[in-house]
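To start, the structure itself, in structure tokens.
Lettering of chains follows the sequences in order, A, B, ..., and the numbering in each one begins at 1. Keep in mind that what you see is a predicted model, and the values were worked out from it rather than measured.
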Amino acid sequence: MKNTSLFFLNELNPAQRKAVETTEGPVLVLAGAGSGKTRVLTFRIAYLVKEKKVPPWEILAMTFTNKAAGEMRERVESLIGVNAGLWVGTFHSIFSKILRWESELFNYSPDFVIYDTEDQERLVKSIMNDMGVSIQQYPPKMILSFISRAKNNLISPETYSSSAKTVIEDIVSRVYPEYQNRLRSNHAFDFDDLITIPIHLFDKYPDVLKKYQSRFRYVLVDEYQDTNRAQYMLIRYLAKEHRNICVVGDDDQSIYRWRGADIRNILEFEKDFPGAQVFRLEQNYRSTQNILTAAASIVEKNKGRKEKKLWSNKEPGEKLDLLEAVDERHEAEMVVEKIREKVFKKKHTFRDFAILYRTNAQSRVLEDSLRGRRIPYVIVGSVKFYERKEIKDLLAYLKLITNPKDDLSLKRIINFPLRGIGVTTFSRIEKWAREKSLNLFDAIEKIEEIPEIPVRSRRAIDQFYKLISKYIDLKNKISLNELVHTLVDETKLLNIYKEDNSIESRRRADNIREFLAAVNEYASRNKEATLSGFLEEVSLITDVDTWDDKKNAVTLMTLHSAKGLEFPVVFITGLEEGLFPGYRSLESPDALEEERRLFYVGLTRAREKVYLSWSHRRSFFNGENSRFPSRFLEELDSNVVKITVFSPRKATGQFRGIIQHTPEEDSFSPHPSYESFSQEEPILAPGLWVMHQKYGKGRIVNVEGRGIKQKVTVEFEEGTQKKFIAQYAKFTILGENID
DNA sequence: GGCAATAGGCTTTTT
DNA sequence: GCCTATTGCC
């Protein structure tokens, strides 16, 4: 040990230590799940500062979530001392700061606002309306996803229009430029801009790029497998000069391909950065052997991954339990029962459990069961706090006050709370503003000049203008806290919900109070709290960030949100074909591989125990249907899974539809446990009589395909033939002969 | 312009 | 089945 202050190096294994000590040149750390990735990152930063005497402000570390950034900062600071001036944050928060400093270069106010997905959709919608494009025929969401994809691939509006081929691309090519124009005139950025605008900036101003290149001599990127093309470009730019780039990731945990994450970034790192050193962290410190075996048996099925073998010197531990439920209520009850059991035995406390699911919609039933048993729980995600209507209304006021050019926010609140400014009046203002190329706020200042506005409305608009102006003036004179509180009082944003006594209104009032508390908290945390600083934080926050892991409660969240976390006991629910893997991925091998990685991520969150569950029936918004167990259950190494025998709570209700286990086309042998099932369940074959909910009695005349894609043709008594997808068809099997 | 009734979308994952 | 946005009526 050269230096006593570097005691922490002794806590590392040889591979980790190499990854920490190789500070110069490009480094790729392939860090398997639970292999001490965060530890390597934090120690590496500490090592740079303590041993290599690198000033902390020359180190840039980028993470995926604010929570990860916060934890990293905390851990590094405990090693090297607080307030060191480190650059740690998400891509979006780091570059939004940089954009604020450089805002002059692109004629933006440093107080620009950030639009979230809902804002983006509103904007696209209003553009389409103005252009006379049918939003029924072309959902704004879809148009937006095209625009977003283009942006992330760094395709400009001009380039886009020259390559547009299909009808939809043609529409996008017209909407996209106008969308960018309006963002610009509103002094707003969307999430994609926070990454792509810096790239354009660096392209255009080499000296600006130079400035940041020399400022950030060491660049570290966490969760590298989830970076997209644009983020990759940004990293490349920053690292071009000094080449001290260290990326840490695990291709097996890449689960954001759908959002543009480009797995090539990790698979081709060595090609992109010649001379890169690669370190593999393969010792897992988190999970028991059985959990690792199970996880490996899943991810092994994927092609196109970097070969690696996770190992652990932990004991085998318990096998995974597979719970089989009649319906989703039953599934939830089984999960809750397991938790009660474990807590009762005093082996665990509530915070040791995580219940994971593929889609947020699955949380409801679980919540009901937990509430029913008085088990404390916290739910991450679902209806996001900062996306609630009442919060977004209040935010729109605050956004307009920081940035009066934000037309979208103005539009949202000009008549909320109701002040008698209707659509007709508003569209007249809009039209006039467009003719004069003014922002709406500047237009309503001159409300007297706008024709055809009734006196009543004129007065209301004038009052609204004065209200906002007053707060624009106040924002630098009084504290953030005072500002927001006074605003909420004056606009009655809280009172309108207080007056009404419905559950809904009470919830909204509570949310606004919670928001006020958040402002308070922000103000006490930041000495120089500003409105735009607060808004930025709010815009870039995610629900995992606000998740309180200290609270003694069971955690519910999606598999995606669980990435990077760990729990002693993990439940993975809804393991059914069409749900997990999701129905949208069934057709595409690539998407299926991503689902498999998602399952892998879920499994490797657990330290000691994993419960898997699936249900024979599940209701969706359009009714109820029968389910097949997920193919992932078949793929699991059966030596490490224990089956909890199917035990209906009460007398088994009649199954509608078909319950049958058919192995997929490939020749995997069915999991032994299902055999008991397949014997019970009738196999569909021509000649069988069925009773359909809607069409009555009929006879199967043809069966095509197998498994979940199976289609059945049925001839009904009136002689009509109908073709069904077996898994969704609502009929019961009557048998071969009926009397 | 305001309100109640109705239609229509949603259930993949999020910075 | 739930939530929001739109529509139609006052």
Practice item. Assign the ring pair A:Tyr386 / A:Phe515 to parallel, tilted or perpendicular, where the plane angle (0 to 90°) is split at 30° and 60°. Key: perpendicular
Exercise for review: Please state whether the phosphate of B:dT14, meaning OP1 or OP2, lies under 4.0 angstrom from any side-chain nitrogen or oxygen of A:Thr65.
Suggested key: no
Point to revise | Of the listed nucleotides C:dT4, B:dT13, C:dT6, the one nearest the side chain of A:Arg508 | key: C:dT4
Practice item. Anything under 30° is parallel, anything over 60° is perpendicular, the rest tilted; go ahead and classify A:Trp101 against A:Tyr212. Key: parallel
Review point. Taking the six-membered ring for Trp, does A:Trp258 stack with B:dT13 (centroid gap under 5.5 Å, planes within less than 30°)?
Key: yes
Check your understanding: With a 4.0 Å cut-off on heavy atoms, is A:Thr424 in touch with a base, just the backbone sugar-phosphate, or nothing at all?
Key -> sugar-phosphate
Check your understanding: Between B:dT15, C:dC3, B:dG1, which nucleotide has the shortest distance from any of its atoms to the side chain of A:Ser457?
Key -> B:dG1
**Study point:** Residue-phosphate contact under 4.0 Å: A:Asn415 side-chain N/O, B:dG2 OP1/OP2
**Key:** yes
Point to revise | Whole-Å C1' distance, C:dT6 and B:dT11 | key: 22 Å
Review point. Of all the choices, B:dT13, B:dT11, B:dT15, which nucleotide is nearest to the side chain of A:Thr558 once you look at every atom?
Key: B:dT13
Practice item. Would you indicate which nucleotide in C:dC2, B:dT14, B:dT11 comes nearest to any side-chain atom of A:Ala361? Key: B:dT11
Review point. Any idea which of B:dT14, C:dA5, C:dC3 is nearest the A:Tyr256 side chain?
Key: B:dT14
Review point. NA contact type, A:Thr425, heavy-atom cut-off 4.0 Å: base, sugar-phosphate, or nothing?
Key: sugar-phosphate
Review point. Could a donor-acceptor pair under 3.5 angstrom be found where the side chain of A:Arg358 meets the base of B:dT13?
Key: yes
Review point. Counting just side-chain N and O atoms, does A:Asn66 come under 4.0 Å of either OP1 or OP2 of B:dT15?
Key: no
Exercise for review: Would you indicate which nucleotide in B:dT13, C:dC3, B:dC10 comes nearest to any side-chain atom of A:Lys141?
Suggested key: B:dC10
**Study point:** Spacing between A:Ile255 atom CD1 and B:dT13 atom C1', to the nearest angstrom
**Key:** 8 Å
Exercise for review: Kindly say if A:Lys67 contacts the phosphate of B:dT15, meaning a side-chain N or O under 4.0 Å from OP1 or OP2.
Suggested key: no
Review point. Going by an N to O cut-off under 4.0 Å, is there a salt bridge joining A:Asp119 and A:Lys392?
Key: yes
Review point. Among the nucleotides B:dC10, B:dT13, B:dT15, which one has an atom lying closest to any side-chain atom of A:Arg259?
Key: B:dT15
Point to revise | Parallel, tilted or perpendicular, as decided by the 30° and 60° cut-offs, for the rings of A:Phe64 and A:Tyr256 | key: tilted
**Study point:** From C:dA5, B:dT11, B:dT15, nucleotide with atom closest to A:Arg122 side chain
**Key:** C:dA5
**Study point:** A:Ser561 side chain near B:dT14 phosphate (N/O to OP1/OP2, under 4.0 Å)
**Key:** yes
Exercise for review: Give A:Gly582 one of three labels, base, sugar-phosphate or nothing, depending on what nucleic acid heavy atoms sit under 4.0 Å from its own.
Suggested key: nothing
Exercise for review: Among B:dT15, B:dG2, B:dC10, find the nucleotide with the atom closest to the side chain of A:Leu418.
Suggested key: B:dG2
**Study point:** A:Phe189/A:Tyr115 aromatic ring centres below 6.0 Å
**Key:** no
Check your understanding: If you look at every strand shown and take non-hydrogen atoms under 4.0 Å, does A:Phe580 touch a base, only sugar-phosphate, or nothing?
Key -> nothing
Practice item. Classify the nucleic acid contact of A:Lys563 as base, sugar-phosphate or nothing, counting any heavy atom under 4.0 Å across all strands shown. Key: nothing
Revision key, fill the gap. Between A:Asp252 and the options A:Lys301, A:Arg305, A:Arg597, A:Arg596, the salt bridge (charged side-chain N to carboxylate O under 4.0 Å, His left out) test singles out A:Arg305
